[in-house]
Amino acid sequence: MRVPAKVNLQLAVGPRREDGFHDLVNVFHAVSLFDEVTVKAAPSRRPSPPGGVGSAAATVFAGLTAGGALGSHLARVPLDGSNLAARAVTLLAERTGRGLPVTVHLDKHIPVAGGMAGGSADAAAALLACDRLWDCGLPLEELLGYAADLGSDVPFALMGSTAVGMGRGEILRPMTSPGRFRWVFALSAHGLSTASVFGEYDRIRPDAPEPRPDRALAEALADGDPVALGAALTNDLQEAALSLLPELERTLKTGSGAGALGAVVSGSGPTCAFLVGGGDERESVVAEREAAVVAALEGSGLCEQVVTAYGDVPGATVL
Ligand code: ATP
């Protein structure tokens with residue numbers, strides 16, 4: 001399976017709810033930074049369970065490995081049953097009562113704890129892979145429901161493209177755009193835990209208003225206008241991420257100073273996203289702007305890695 005990372009074009013966060021979650025308006029945009037997830041039937045160690053939902057689930061996850069050129073990030077990927085991809089395998093077996101033992105390999109390219117939903121992407125890929133491998137043939141609606149039970153960002157990784165998520169982020173409505181956009185991402189050597197960023201947000205914004213969709217952003221997307229889109233990028237969690245990792249402010253300024261059309265922390269950070277062009281712009285103009293932003297970020301010594309990508313792209317895909 002190939003599954004994309006996401007960047008948030010808008011992330012509006014309401015006040016903390018009684019249940020600890022926050023209402024969000026979350027415009028997801030899938031970009032061409034992919035994890036590859038391989039799910040293989042494992043040699044059966046015990047006879048298949050005689051049926052019964054619990055017994056199938058107990059035996060299906062037979063191990064997980066991870067690789068990829070991600071510098072310090074790879075060490076943060078859990079290799080046991082707590083990995084989101086492993087949890088997806090177990091959840092599908094629990095819900096369907098099906099499942100033969102599988103091993104999972106993750107070829108990671110999406111930064112870990114980087115605000116680009118890499119774990120959620122792997123979970124979506126594992127869910128779809130097991131649906132195919134076990135011949136479950138579940139309709140997309142049902143898979144999306146299981147995905148939402150695994151995490152707020154998992155349904156979008158199944159869907160891909162560009163979509164607005166409401167509620168906790170799991171109710172999705174597609175947003176189409178005639179434009180394709182080019183991005184530069186500055187990966188930090190540090191990770192930021194989503195929970196700590198939300199905690200910091202609650203501390204500094206106890207009076208947060210109800211989140212609302214941004215009309216300027218919707219128009220920029222509908223027009224495929226990269227300049228208007230760059231100006232419309234917003235993330236309510238940015239201030240909290242900067243409060244926890246102040247150096248991110250310099251990273252954002254470096255990319256903007258080099259000509260990026262928009263600069264924003266992706267999700268809960270610390271990855272910084274820079275829109276460098278797209279739509280009707282001439283390819284040479286975009287390439288020149290992209291090269292300037294990449295060179296400035298690489299020369300700044302502020303990030304571990306700088307990568308380029310385009311969006312949007314489809315969600316989890318069987319290769
Ligand atoms: P989001 O943008 O959805 O808030 P994120 O991109 O910031 O998430 P992830 O890369 O999804 O963060 O990982 C968050 C944490 O989840 C990691 O620190 C790691 O401990 C754990 N984790 C579980 N499964 C995975 C996985 N398959 N890949 C990466 N991290 C995983």
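Residues take their numbers from the sequence shown, with the count starting at 1. Values in this document were obtained by computation on a predicted structure and should not be read as measured data. Just so you know, ligand 1 is whichever comes first in the structure, and atom 1 is the first atom listed for that ligand.
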### Query
With His105, which residues qualify under side chain to side chain donor-acceptor pair (under 3.5 Å), at least two apart?
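Side chain to side chain donor-acceptor pair (under 3.5 Å) check on His105 returns Thr65.
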### Task
Could you tell me which residues satisfy side chain to side chain donor-acceptor pair (under 3.5 Å) with Arg289, sequence neighbours excluded, listed by chain and number?
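Once residues adjacent in sequence are excluded, the partners of Arg289 under the side chain to side chain donor-acceptor pair (under 3.5 Å) criterion are Glu281.
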N or O contacts of ligand 1 with protein under 3.5 Å, please list pair by pair.
from: ligand 1; atom 1: 2 (O); to: Ala117; atom 2: N; distance (Å): 3.1
from: ligand 1; atom 1: 3 (O); to: Asp153; atom 2: OD2; distance (Å): 2.7
from: ligand 1; atom 1: 4 (O); to: Thr194; atom 2: OG1; distance (Å): 2.7
from: ligand 1; atom 1: 6 (O); to: Gly115; atom 2: N; distance (Å): 3.2
from: ligand 1; atom 1: 6 (O); to: Met116; atom 2: N; distance (Å): 3.1
from: ligand 1; atom 1: 6 (O); to: Ala117; atom 2: N; distance (Å): 2.8
from: ligand 1; atom 1: 7 (O); to: Gly114; atom 2: N; distance (Å): 3.4
from: ligand 1; atom 1: 7 (O); to: Gly115; atom 2: N; distance (Å): 2.8
from: ligand 1; atom 1: 10 (O); to: Ala113; atom 2: N; distance (Å): 2.8
from: ligand 1; atom 1: 11 (O); to: Gly119; atom 2: N; distance (Å): 2.8
from: ligand 1; atom 1: 12 (O); to: Ala113; atom 2: N; distance (Å): 3.4
from: ligand 1; atom 1: 20 (O); to: Arg76; atom 2: O; distance (Å): 3.4
from: ligand 1; atom 1: 24 (N); to: Asn83; atom 2: OD1; distance (Å): 3.4
from: ligand 1; atom 1: 24 (N); to: Leu84; atom 2: N; distance (Å): 3.0
from: ligand 1; atom 1: 27 (N); to: Asn83; atom 2: OD1; distance (Å): 2.9
from: ligand 1; atom 1: 27 (N); to: Asn83; atom 2: ND2; distance (Å): 3.4
from: ligand 1; atom 1: 27 (N); to: Asp122; atom 2: OD2; distance (Å): 2.8
from: ligand 1; atom 1: 28 (N); to: Lys108; atom 2: NZ; distance (Å): 3.1
from: ligand 1; atom 1: 28 (N); to: Asp122; atom 2: OD2; distance (Å): 3.4

### Task
May I ask you to decide if Ala273's main-chain N or O and Trp183's side chain share a donor-acceptor pair within less than 3.5 Å?
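Here the side-chain-to-backbone pair does not exist.
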### Message
Could you work out, with side-chain contact (heavy atoms from CB on, under 4.5 Å) as the rule, every residue matching Thr162, not counting sequence neighbours?
### Response
Leu9, Val27, His29, Met175, Leu221, Asp312
### Task
Report yes or no: do Leu244 and Ile204 belong to one cluster of Ile/Leu/Val/Met/Phe/Trp/Tyr joined by side chain heavy-atom distances under 4.5 Å?
no
### Query
Counting only heavy atoms not in Glu239, do more than 12 sit closer than 6.0 Å to its CD atom?
no
